[in-house]
Protein chains: 2
Amino acid sequence: MSGVAGASKKPTVKEVARRAGVSPMTVSRTLAGGANVRPDVQERVLAAVRELGYHRNENARSLRPGQSSGLIGVAITNLGNPYYGNFALGVEEVVAETGRRIILGNTGGESWRERQLVADLRGRQVEGLILVPAGGPSDHLSPDHLGDMPLVLASRRIYGLDVDVVLLDDVGGAYRGTLALLDAGHTRIGYLGNVGSAFTGGRRYEGFARALAERGVIADPELIVREQQDAASASAGEATRRLLDLPAPPTAIFSANNRNSIGALREIGRRLRAGSRAADMPEIVSFDDFELAELMPVPVTVVEHDARQLGREAARLLLSRLQMTDRSEQPARLVEMPVRVGRAVHV
Amino acid sequence: MSGVAGASKKPTVKEVARRAGVSPMTVSRTLAGGANVRPDVQERVLAAVRELGYHRNENARSLRPGQSSGLIGVAITNLGNPYYGNFALGVEEVVAETGRRIILGNTGGESWRERQLVADLRGRQVEGLILVPAGGPSDHLSPDHLGDMPLVLASRRIYGLDVDVVLLDDVGGAYRGTLALLDAGHTRIGYLGNVGSAFTGGRRYEGFARALAERGVIADPELIVREQQDAASASAGEATRRLLDLPAPPTAIFSANNRNSIGALREIGRRLRAGSRAADMPEIVSFDDFELAELMPVPVTVVEHDARQLGREAARLLLSRLQMTDRSEQPARLVEMPVRVGRAVHV
DNA sequence: CTGTTAGCGCATTCAG
DNA sequence: CTGAATGCGCTAACAG
């Protein structure tokens, strides 16, 4: 309860100055670190600040030329997905170290929302943008539109857009995950992916196909499901049902993402409850980790990766570019984050 | 590629005005909806806007008195937790409907970070604040400090702070979850909670204890673990180990949150792998849902609730308060969101 | 319908 | 070490 009666109207530098018996400039200087202000005067100013509950108006501050907003725009496709939540967390951590904040928007994976969000973030004078592309048209991301505002893409890249990108080692992870199945003797391996994330999906499929090809295993088209409309686990369950109902069902399934893995395992659970034997159910390799994988009724191998690190790296790329004097001259960088393939201990 | 050569410097109203051959005011009016501007002039203005890649500076805009920033501050304890991610998503959805944005910060559950974040958000002229309290001192949230900036608390409430709050039906959910165990004949029921979230934890324990009391079951203090320092699943696993190593171990465990449930189940998994029989493992009731609960090797009952709805409701409370002419006069509201108790289908 | 004036809160520049 | 003047981008309020 430091306060004065009417804390309702927001105080400005002027009022603080008057209360401290100095000029607004002295207040500003004090708040900026106190260089060239007598200590006792600083005391008075800070006391007035406390008493009035004054907070500097950062918007007005960033209005002045040369001053930056201290805001980094982050646009992700689905905040509710823990993966992107952790991604945002990583960005926030790194960005906060420089005293900046993130202003976060959700695109829902829809291009028009992304376009609108980017426009709005620009209007709010963000210093830079970190974005998980929604897919679809992307002219609003061209340097032409963004001016000198740096952009970092995460998770997916956009061809023709020459900017910094952080990706996972999708190809390598899928390759090694698939090899694990082949090493275990599987030859009929199902593939579960979806079209939603064309870029990522394509890369993961590439790794999958490469592993099969190397071992001389012919991929049976019947076992490849890539055309699911959405990434919901429900549709993955449906796809799994079809695979398992085939005359010669797969003995293992490679799932290209978390949602698909969950869907597949739910379907397997359903069958077990209906009397199927666990031994007849396929083993799973899941690109994307998920909790309690080791408690699943079938063996699960996960391709783990750290969303938070991905976010941290994206933030680092952006911050480093912000520090460059000749931002747009420097070449675009591509960082591929490692993934780890490991079998979840099976009950 | 609509652009002119140098898109690098950000254009202002003035430049748009000059290009369109009008005054800055006409540009402003056009962008504000175009009332009282001849259609053909509007055309010219909009063309200039496009050509220059102009975006209104929202910060400068909100500097003018009466104009609001269109920003809602959201402070949560852990972005990486899907629960809070979904919460933020819900907030974002509702807030976006009014053309506003959220500016999101992570407190990590630390009071000092919360304090700093709140100060910063104030400085950025947010219209209101939605916050999941970190716990600890909270004088920085008093009306005295916040002035007329509305605040909505979510998940936990802070005693002595008379503001709008959205909570879960913690007591009722825990009560009904515990009853489910009692109905199934269990009398030795373990309790797994932690001190991190004192408020929520207290309420859930209350529901648990009430159910036992009503059925005349004496809670064995040995079976109650509430003093874990952190919410990490690892420490929950440790606590579970102790419970199961008792001479008379519990036949069921009530877990007060998601993290604890995961930890407990991991420990159970460990024991099963070491040769224990599933029949000797305790049944679980988990406050907080988690995926694939139906595939666990022991029966699991979940107390489900929807973080996104919680977020939506918090946003609604805030927006409605923003619309009140006499904000601070209106009484604080308390909303309790329902939870659903349901047994996960067990393999 | 359109332009001019003025000022929001702050910090840089230049005097004292 | 401190203060006064000035202008950042924008838009009410008031001319015209």
Side-chain angles (χ1 to χ4, degrees), chain A residues 9-46 48-49 52-71 119-120 122-127 147 149, chain B residues 9-46 48-49 52-71 119-120 122-127 147 149:
Chain A
K9 284 281 172 285
K10 288 181 184 159
T12 74
V13 254
K14 276 187 186 163
E15 315 184 36
V16 175
R18 195 144 42 87
R19 192 178 176 91
V22 295
S23 80
M25 238 358 268
T26 300
V27 176
S28 177
R29 275 194 266 258
T30 301
L31 263 35
N36 296 338
V37 182
R38 281 198 345 247
D40 57 312
V41 177
Q42 290 193 44
E43 288 287 322
R44 281 217 313 276
V45 170
L46 292 176
V49 165
L52 263 40
Y54 169 77
H55 287 260
R56 185 164 58 185
N57 183 331
E58 296 296 334
N59 289 349
R61 182 177 152 78
S62 69
L63 196 55
R64 318 244 33 243
Q67 302 279 3
S68 54
S69 66
L71 249 26
D120 191 85
R122 280 204 63 182
R124 299 195 185 282
Q125 311 306 111
V126 297
E127 295 179 51
M149 190 179 80
Chain B
K9 284 280 173 286
K10 288 182 186 159
T12 74
V13 253
K14 277 186 187 164
E15 315 184 37
V16 175
R18 195 144 41 88
R19 193 175 175 89
V22 296
S23 79
M25 225 15 252
T26 300
V27 175
S28 176
R29 275 194 266 256
T30 301
L31 263 36
N36 296 338
V37 181
R38 274 192 1 236
D40 58 312
V41 176
Q42 289 193 44
E43 288 287 323
R44 282 217 313 276
V45 170
L46 292 176
V49 164
L52 261 42
Y54 169 76
H55 287 261
R56 184 164 57 185
N57 182 331
E58 296 295 333
N59 289 349
R61 181 172 151 72
S62 68
L63 196 57
R64 318 239 43 243
Q67 302 279 4
S68 54
S69 66
L71 248 29
D120 191 85
R122 278 205 63 181
R124 298 194 185 282
Q125 313 306 112
V126 297
E127 295 179 50
M149 190 179 78

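None of the values given here were measured: they were computed from a predicted structure. To find a chain, count down the sequence lines: A is the first, B the second, and so on, and within it residues start at 1.
Between R56(A) and dC10(C), a side-chain N or O to OP1/OP2 separation shorter than 4.0 Å is absent. For Q125(B), no side-chain nitrogen or oxygen approaches OP1 or OP2 of dG9(C) to under 4.0 Å. Within the structure, a side-chain polar atom (N or O) of T26(A) is placed less than 4.0 Å from OP1 or OP2 of dG3(D).
The CG-P distance, from N57(A) to dC10(D), rounds to 16 Å in whole Å. Across the protein-nucleic acid pair, R18(B) atom CZ and dG3(C) atom P stand 15 Å apart, rounded to whole Å. If you take CE of M25(A) and C1' of dA5(D), they are 12 Å apart, rounded to a whole angstrom. Remark: P of dC10(D) and CG of L63(B) are 11 Å apart, rounded to the nearest angstrom. Rounding to whole angstrom units, CG of residue L31(B) and C1' of dA12(D) are separated by 16 Å. dG9(D) atom P lies 12 Å from atom CG of N59(B), rounded to whole Å. The distance between atom CZ of R29(A) and atom C1' of dA4(D), rounded to the nearest whole Å, is 11 Å. Between R61(A) atom CZ and dC8(D) atom C1' the separation is 14 Å, expressed in whole Å.
Summary of the strand contacts: K14(A) and S28(A) both lie near DNA chain C, and taking for each the nucleotide with the nearest heavy atom, the more 5' one is attributed to K14(A). Residue order along DNA chain C, read from the 5' end via each residue's closest nucleotide, puts V22(B) first among V22(B) and V13(A).
Of all nucleotides listed (dT2(C), dC10(D), dG3(D)), dT2(C) comes nearest to the side chain of V37(B). Taking every side-chain heavy atom of N36(A) into account, dT2(D) is the closest of dG9(D), dG9(C), dT2(D). Distances were taken from every side-chain heavy atom of Q67(A) (C-beta onward) to each of dC10(C), dT2(D), dA11(C); the shortest belongs to dA11(C). Picking from dT2(D), dT4(C), dC10(D) the nucleotide with the shortest atom distance to the side chain of V41(A) gives dT2(D).
In terms of polar N and O atoms assigned as donor or acceptor, the side chain of R64(A) never comes within less than 3.5 Å of the base of dG9(D) in a complementary pairing.
Exactly one residue among V27(B), V22(B), T30(B) makes a side-chain contact (heavy atoms from CB on, under 4.5 Å) with V37(B). That residue is T30(B).
Formation of a donor-acceptor pair under 3.5 Å by the E58(B) side chain with backbone atoms of D120(A) is not found in this model. Looking at S69(B), its side chain does come within 3.5 Å of a backbone N or O of Q125(B) through a donor-acceptor pair.
Between R18(B) and E15(B), none of the side-chain N atoms (NZ, or NE/NH1/NH2) sits under 4.0 Å from a carboxylate O, so this pair counts as no salt bridge.
L71(B) is listed as a side-chain neighbour of R124(A), based on a closest heavy-atom distance under 4.5 Å.
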